[in-house]
There are 2 protein chains.
Amino acid sequence: MTLTETAGRARVLRIAAALFAERGFHGTSVRDIAVACGMRPSSLYNHVQDKNDMLVEIVGRYLDALDAVLPDASSAPGDGAARLDAMIRASLAAARAHPDEFLTLSNSWTHIRRAPELAGIVVRRDAGRALWADALAAGVADGSLRAGLDPGEVLRIIFSALHGSLDHRFDVPEAAAAPAGSADTLVALLLDGLRPRPEPRTESAG
Amino acid sequence: MTLTETAGRARVLRIAAALFAERGFHGTSVRDIAVACGMRPSSLYNHVQDKNDMLVEIVGRYLDALDAVLPDASSAPGDGAARLDAMIRASLAAARAHPDEFLTLSNSWTHIRRAPELAGIVVRRDAGRALWADALAAGVADGSLRAGLDPGEVLRIIFSALHGSLDHRFDVPEAAAAPAGSADTLVALLLDGLRPRPEPRTESAG
DNA sequence: GTCTATAGGTAGATAGAC
DNA sequence: GTCTATCTACCTATAGAC
């Protein structure tokens with residue numbers, strides 16, 4: 001079937017992403033990936049250039065999806081809180097569309113940052129982060145987000161909360177039955193907190 | 001000096017913890033640790049049994065600190081929200097007292113879970129998790145925490161938010177100037193959210 | 001595009017001199 | 001308690017037959 005002309009590479013990358021997401025870059029050997037693909041390690045190199053090449057393409061796939069929605073969300077109409085709401089939903093949607101690619105980025109970050117040939121990934125991630133800092137500052141300025149919280153810490157918490165919403169590695173076996181879920185839990189928790197609001201009216205942007 | 005009888009081991013573990021926290025277990029070689037200690041890899045084995053032994057002791061140190069405060073916090077007086085508030089503060093205090101040990105646990109979790117000889121760590125962690133699930137359920141039952149959110153996802157978000165509050169690996173260089181900070185940002189964000197509350201009165205337990 | 005064979009390097013860990 | 005020397009196993013990656 002000529003349809004599978006590049007399916008070999010796509011399949012390899014899909015399987016590699018699953019392993020990277022589960023065990024991290026350093027915890028996954030080229031051998032592991034080859035075995036999971038049903039081939040010898042040497043055969044892998046007919047589909048990919050090297051191990052870092054896989055990482056670049058896998059993570060790039062998620063970053064592409066994020067770039068396609070995050071800038072629009074960050075310039076959504078409304079106040080800073082509405083923009084943040086839209087950005088959380090957009091990021092979660094992109095990550096849910098490419099869960100292994102997203103987790104590969106998160107779980108291999110220290111390697112990415114230490115490898116000079118992966119600097120492109122760091123640049124792209126930092127660019128996205130600037131959008132978040134913008135929306136957060138705008139919300140504080142217009143009064144739609146509370147002031148007095150350390151912006152750097154708030155950003156770290158938002159990012160890791162996004163991660164936690166998706167990463168089930170820490171689940172106990174009994175809790176593993178969680179379905180896909182919507183973005184509402186994460187948005188509700190980050191914007192309105194775990195405590196019930198006195199007024200149940202919702203002000204979030206659609 | 002007999003005073004330094006075990007200081008060698010303590011120093012090795014301290015340095016190993018810093019490397020594990022920064023690069024993860026798989027990203028840190030025994031050689032790396034030895035070099036950072038100013039000795040040859042073989043000399044390390046006069047202080048520790050093997051690489052996993054270091055991990056067990058490092059992570060155990062954080063879990064000990066957590067065990068010393070989390071059960072008390074989880075049975076704090078007040079409603080479920082007050083208990084959750086106390087647990088967040090207790091966990092953050094334990095993690096801030098042993099930051100490298102806490103990050104070693106987080107960043108090496110996939111290895112810990114896959115290594116049978118590290119099962120003891122998993123057991124201890126799962127036991128702590130049960131306390132969180134308890135307080136969360138109690139808060140939903142007594143109305144101090146909102147209902148309708150997936151408990152498993154809420155727990156994952158709480159844990160990763162704790163992580164994000166401490167882990168600066170994702171920071172851009174300009175944002176790295178963040179000071180120690182208090183637990184207030186994390187507690188405020190998780191319990192009351194980023195949006196300002198209509199009434200500014202605080203109901204949190206002391 | 002898969003394989004066998006292997007290179008060249010590094011991993012964790014041990015033996016034994018000092 | 002540190003060192004040199006070394007072991008075995010595994011790592012990423014390449015060469016070349018089929």
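In what follows, chains carry the letters A, B, and so on, assigned in the order in which the sequence lines appear, proteins first and then strands, with residues in each chain numbered from 1.
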Considering only NZ, NE, NH1 and NH2 on the basic side and carboxylate oxygens on the acidic side, decide whether Arg9(B) and Glu57(B) come within less than 4.0 Å.
yes

So, Arg83(B) and Asp79(B), do they make that salt bridge, N to O below 4.0 Å?
no

Could you go through nucleotides 12-16 of chain C and list every protein N or O atom that sits under 3.5 Å from one of its N or O atoms, giving the distance for each pair?
unit_1, atom_1, unit_2, atom_2, d
dG12(C), OP1, Val30(B), N, 3.4
dG12(C), OP1, Lys51(B), NZ, 2.7
dG12(C), OP2, Val30(B), N, 2.7
dA13(C), OP2, Tyr45(B), OH, 3.1
dA13(C), OP2, Lys51(B), N, 3.0

Does a side-chain N-to-carboxylate-O contact under 4.0 Å join Asp171(B) and Arg156(A)?
yes

Apply side chain to side chain donor-acceptor pair (under 3.5 Å) to residues His111(B) and Asn52(B) and explain how you reach the verdict.
CA-CA 10 Å; His111(B) 169 68; Asn52(B) 272 338; 3.0 Å; yes

For residues 104-113 of chain A, which residues have at least one heavy atom under 4.0 Å from DNA chain D?
none

Check: Ser75(A) side chain, Pro71(A) main-chain N or O, donor-acceptor pair, under 3.5 Å
yes

Any donor-acceptor pair under 3.5 Å from Ser108(B) side chain to Gly24(B) backbone
no

What is the distance, rounded to the nearest whole Å, between atom CG of Leu44(A) and atom P of dT14(D)?
13 Å

Interatomic distance, Arg40(B) CZ vs dA5(D) P [rounded to whole Å]
11 Å

Does a nitrogen or oxygen in the side chain of Ser43(B) sit under 4.0 Å from OP1 or OP2 of dC3(D)?
yes

Checking Trp109(B), Trp132(B), Phe159(B) against Phe170(A) for ring pair (Phe, Tyr, Trp, His ring centres under 6.0 Å), the one that qualifies is Trp109(B)

Is the shortest side-chain N to carboxylate O distance from Arg14(A) to Asp100(A) below 4.0 Å?
no

